[in-house]
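Only a predicted model underlies this, so the values are computations on that prediction, with no experimental measurement involved.
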Amino acid sequence: MSLTTSLSELPEEMLRRILTKLPPNDLKTAMLVSKLWKSMVDDPKLWTWSVVSVNTSLDLRKLKIHRLQLIQTIRLPPSDPINSIWKLEDLTELFQVVLDTPSISMIHGIETYTLGSMEPCLLGQVLGKLDVLKLNPIAHGKLSSVQFGHIFTTIAARKCPMKELLVAGLWVTDVGPTLFASAVSNAKKLRLSACNVGQMLALLKDIVENERPLAKLHLNLCDMDSIDPDLVGKALNKLEEVVVSNCRYGWVSHEQLTATFRGVLEGESKLKTLMLNDISSYAKGIDEELLRQTFKKIGKFWSRIKKIVDPYQEELTRLGAIAIFD
C-alpha cells in the first residue's frame, strides 16, 4: 500500500492535524494530491502566515481568495510621490478591503504613502487596527487634526493593545491630552518624541492611576522636567522598560531621576531595563550612592555619545561601584 493511500485512509481530523505541521512549500504541494486534500488545505487557518503583495488595485482580488481570508499581513510597494500607481480612489478601495478583513493587522510599506486626503473615519479605523503604527512627519505626510482624532479614538478603544506605536507629539497637538494618553498607553511598546508637557502629564497619570497595557516606553525630547517628580517615579516604575534620550539637555530633571531610582530600590518596581542615553556629566548632581545601588539592582542604565574604553572604570563596574559618568 502506498504512503499516499495510507494517509488518505486516516481520519479527516488526523489529516488536518498533519497539514498544520507542514511548512509552506509542502502545504502548497499538498493541494495537488487530491480533491480531498485540496479542500482541507484550502482552510484559511492554514494560511495565516501568508504575506500577500498588493502592487496594484488589481491585486486586491487576491484578498478575496477563500484560503487567504485569515491572513495577517499584506505588503505594498514603496510609494513614488511623482509617478504613484496608487490613486486616492485605489487607496480608499484598499483600506475598505483591509477594514472588511478583520485578521489583517500589518501593512508593510504603508508609512511611505501620503494619506492626508483620505476620508478621516476610514483612515482612523484602518491605521488604528494595525499592530505596528508610525505617526510622524515622515510617515503618511501631513494628516489633519480630524484624521488624528479618528486614529487615536480607534487605538484607545482597542480591546487587544497595539504591539508598537511611534508618535511625534508635535504633529498631534490638537489631540486632547485625555484621548492622547488613552491611545498611546494602549500599546505594549511606545516611542514618543517631541511631546508637550500636557501630553506627558496625561500619559504619566494614566499609567499610575490605571492598569494599562504599556510595558516599554522610549522618550526623546519630551517636555516633562516640570512634572511632579513623585508622579514620574511612580509611572516609570510601573513599566518594564524605559529609555530616555538626550538626557544632557535636561528633558528629565535630577529630582525625577532621583524619584525613579528610589522607586527601583524601595517600591514594588516592575522596571527591568532603564537606559538614560547621553547622560554625560548631567547626573553628577545626583547622589552617588543612590546611583551605585540602582546599578546593583538593574545593571547599567546610562550611556554616553562617545564610548571610551577605560579599564579602571570597567574594573569599578565589575566590583559593583560606578565611576560616576566621567
Side-chain angles (χ1 to χ4, degrees), residues 44 47-65 68-81 84-169 171-172 174-176 179-180 182-192 213-214:
W47 296 86
T48 57
W49 52 267
S50 299
V51 178
V52 177
S53 294
V54 182
N55 296 313
T56 71
S57 59
L58 295 177
D59 288 333
L60 291 175
R61 292 177 294 185
K62 298 177 183 177
L63 302 180
K64 300 297 183 181
I65 298 173
L68 300 180
Q69 292 307 294
L70 294 179
I71 63 166
Q72 300 173 9
T73 306
I74 64 175
R75 178 182 289 111
L76 301 180
S79 175
D80 184 344
S84 177
I85 59 175
W86 285 91
K87 307 304 180 184
L88 177 60
E89 56 269 24
D90 297 326
L91 284 172
T92 299
E93 183 183 3
L94 167 67
F95 272 49
Q96 190 60 57
V97 171
V98 171
L99 185 61
D100 293 339
T101 310
S103 60
I104 296 178
S105 58
M106 184 78 71
I107 307 178
H108 289 308
I110 189 63
E111 66 276 1
T112 66
Y113 286 75
T114 299
L115 304 175
S117 299
M118 182 73 67
E119 195 279 320
C121 183
L122 179 60
L123 178 70
Q125 288 177 309
V126 172
L127 293 187
K129 72 180 287 239
L130 301 180
D131 278 342
V132 178
L133 180 62
K134 298 178 181 179
L135 293 175
N136 58 33
I138 298 177
H140 312 307
K142 186 176 181 181
L143 302 181
S144 70
S145 58
V146 176
Q147 289 175 317
F148 276 126
H150 281 280
I151 294 171
F152 277 73
T153 298
T154 301
I155 297 173
R158 288 176 59 134
K159 294 182 179 179
C160 182
M162 188 170 280
K163 290 183 179 179
E164 184 172 353
L165 176 62
L166 184 153
V167 177
W171 297 89
V172 293
D174 291 333
V175 177
L179 175 57
F180 176 88
S182 297
V184 299
S185 64
N186 199 21
K188 294 181 179 179
K189 182 176 182 178
L190 174 63
R191 297 178 183 271
L192 281 181
L214 184 61

*Asks:* Answer whether the closest heavy-atom distance between the side chains of V54 and K62 falls below 4.5 Å.
*Replies:* no
*Asks:* Say you draw a straight line from CG of L123 to CZ of F148; how long is it, rounded to the nearest 0.5 Å?
*Replies:* 9.0 Å
*Asks:* List the atom of S185, the atom of P213, and the distance in Å for their closest heavy-atom pair.
*Replies:* O-CD, 3.2 Å
*Asks:* Given M106, which of V51, V132, I71 fulfils the side-chain contact (heavy atoms from CB on, under 4.5 Å) condition?
*Replies:* V132
*Asks:* Does N55 offer a backbone N or O that forms a donor-acceptor pair with the side chain of S53 under 3.5 Å?
*Replies:* no
*Asks:* For Q147 and M118, work out which heavy atoms get closest and say how close.
*Replies:* NE2-O, 2.9 Å
*Asks:* Considering non-hydrogen atoms only, spot the tightest contact between I155 and A183 and give its length.
*Replies:* CG2-O, 3.4 Å
*Asks:* List in chain and number order the residues that pass side chain to side chain donor-acceptor pair (under 3.5 Å) with Q69, two or more places apart in sequence or in another chain; answer none if no residue qualifies.
*Replies:* none
*Asks:* What is the distance from atom OG1 of T154 to atom CG of L133, rounded to the nearest 0.5 Å?
*Replies:* 10.5 Å
*Asks:* Could you state the interatomic distance from CD (Q72) to OG1 (T101), rounded to the nearest 0.5 Å?
*Replies:* 12.5 Å
*Asks:* Please identify each residue that fulfils side chain to side chain donor-acceptor pair (under 3.5 Å) with S182, with sequence neighbours left out.
*Replies:* none
*Asks:* So I151 and V175, do their side chains get closer than 4.5 Å, heavy atoms only?
*Replies:* no
*Asks:* How far apart are the closest heavy atoms of Y113 and P77, and which atoms are they?
*Replies:* OH-O, 2.6 Å
*Asks:* If we ignore hydrogens and angles and just use 3.5 Å, is the side chain of E93 paired with the main-chain N or O of L60 as donor and acceptor?
*Replies:* no
*Asks:* Quick one, L76 and L94 - any side-chain contact, counting heavy atoms below 4.5 Å?
*Replies:* yes
*Asks:* Once the angle between the rings of F180 and F152 is folded into 0 to 90°, is it parallel (under 30°), tilted (30 to 60°) or perpendicular (over 60°)?
*Replies:* parallel
*Asks:* Say whether, by atom type as modelled, one donor and one acceptor occur between the side chain of T112 and the main chain of S79 under 3.5 angstrom.
*Replies:* yes
*Asks:* Between the side chain of R158 and the main-chain N/O of G128, is any donor-acceptor distance below 3.5 Å?
*Replies:* yes
*Asks:* Hey, does the side chain of S57 reach the backbone of D90 with a donor-acceptor pair shorter than 3.5 angstrom?
*Replies:* no
*Asks:* How long is the straight-line distance from CG of L165 back to CG of N186, given to the nearest 0.5 Å?
*Replies:* 9.5 Å
*Asks:* Does the side chain of W47 come within less than 4.5 Å of V52's, by heavy atoms?
*Replies:* no
*Asks:* Please report the interatomic distance CG(L88) to CD(E119), rounded to the nearest 0.5 Å.
*Replies:* 10.5 Å
*Asks:* For the residue pair S103 and T48, establish whether any side-chain heavy-atom pair is separated by less than 4.5 Å.
*Replies:* no
*Asks:* Taking side chain as C-beta onward, heavy atoms only, is I104 less than 4.5 Å from K129?
*Replies:* yes
*Asks:* If I take atom CD from residue Q96 and atom CG from residue D100, how far apart are they, to the nearest 0.5 angstrom?
*Replies:* 4.5 Å
*Asks:* I need the minimum non-hydrogen distance between L190 and L214, along with the two atoms involved.
*Replies:* CB-CD1, 3.5 Å
*Asks:* Given side-chain contact (heavy atoms from CB on, under 4.5 Å), test E164 with D131 step by step and report yes or no.
*Replies:* CA-CA 6 Å; E164 184 172 353; D131 278 342; over 6 Å; no
*Asks:* Check for a donor-acceptor pair, side chain of R61 on one end and backbone N or O of L58 on the other, with a separation under 3.5 Å.
*Replies:* yes
